[in-house]
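Here's the structure we're looking at; comments come further down.
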Amino acid sequence: MNTKIFTTTSILLLLAGCASVAVTDKAIEDRTAFALNLEKGSFKVIDRVNDGLETSYTVTTNTGKKYNCRVEGSFSFGTGRVVTDPVCNEVGKPANTTKCDSLSKAAGKCK
């Protein structure tokens, strides 16, 4: 009995910080639509790669634009799933090195 509890607890702790557990397809779709000001369903997420706490992916819009994006995600028993706003750069354009999240946009700090 103790071995079963230990094994289950160990597996849960290992998975607790992984982006593959925390970052759902729905979270990616919701946050990407908001970040890129696109309607849900007007883009496809392809080439998703989970790497530790980070998930990177490519977005292709129905109009043909492509973006490379990444989010970070974690899961804890106290807060549940936590996924950051995506950072996206249009393919072929210089990367935006200024953090431009929704709060920065609202404050007029984004170009």
Side-chain angles (χ1 to χ4, degrees):
M1 173 93 172
N2 286 338
T3 304
K4 188 175 185 179
I5 292 171
F6 177 76
T7 303
T8 303
T9 303
S10 297
I11 291 170
L12 289 174
L13 288 173
L14 286 173
L15 293 176
C18 295
S20 61
V21 173
V23 181
T24 63
D25 290 339
K26 183 176 180 345
I28 287 176
E29 181 181 15
D30 291 347
R31 285 170 173 74
T32 302
F34 182 80
L36 296 178
N37 197 27
L38 297 170
E39 293 290 326
K40 292 179 191 174
S42 68
F43 61 90
K44 291 183 181 180
V45 175
I46 57 173
D47 300 329
R48 177 179 171 161
V49 176
N50 296 313
D51 185 19
L53 298 177
E54 184 175 283
T55 297
S56 59
Y57 54 97
T58 301
V59 172
T60 304
T61 68
N62 292 347
T63 61
K65 289 186 177 183
K66 283 189 172 186
Y67 297 88
N68 289 322
C69 301
R70 68 175 175 81
V71 295
E72 292 183 5
S74 63
F75 182 87
S76 74
F77 296 105
T79 59
R81 289 189 167 126
V82 177
V83 180
T84 63
D85 288 336
V87 175
C88 298
N89 292 303
E90 190 172 353
V91 174
K93 294 201 175 178
N96 182 3
T97 56
T98 304
K99 183 177 180 183
C100 193
D101 57 20
S102 56
L103 292 176
S104 298
K105 285 179 187 177
K109 295 183 178 182
C110 298
K111 294 181 182 180

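If you're wondering where the values come from, they're calculated on a predicted model, not measured in any experiment.
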Point-to-point distance, once rounded to the nearest 0.5 Å, from NZ of K65 to CG of L38: 8.5 Å
Scan the side chains in residues 29-37 for donor-acceptor partners under 3.5 Å anywhere in the protein, sequence neighbours excluded, and list what turns up.
| residue | atom | partner | partner atom | Å |
| --- | --- | --- | --- | --- |
| D30 | OD1 | K40 | NZ | 2.8 |
| D30 | OD2 | K26 | NZ | 2.7 |
| R31 | NE | V83 | O | 3.2 |
| T32 | OG1 | I28 | O | 2.7 |
| T32 | OG1 | Y57 | OH | 2.6 |

Working to the nearest 0.5 angstrom, can you tell me the gap between T58 OG1 and K44 NZ? 14.0 Å
Atom of V59, atom of C69 and distance for their closest heavy-atom approach: CG2-SG, 3.9 Å
Between CG on residue D51 and CD on residue E72, distance to nearest 0.5 Å: 10.5 Å
Report the C-alpha separation of I46 and T60 in whole Å, then their side-chain angles, then the decisive distance to 0.1 Å, and conclude whether the side-chain contact (heavy atoms from CB on, under 4.5 Å) test is met. CA-CA 8 Å; I46 57 173; T60 304; 3.8 Å; yes
So, using side-chain hydrogen bond (donor to acceptor under 3.5 Å, both in side chains) as the criterion, who are the partners of S56 when residues are at least two apart? none
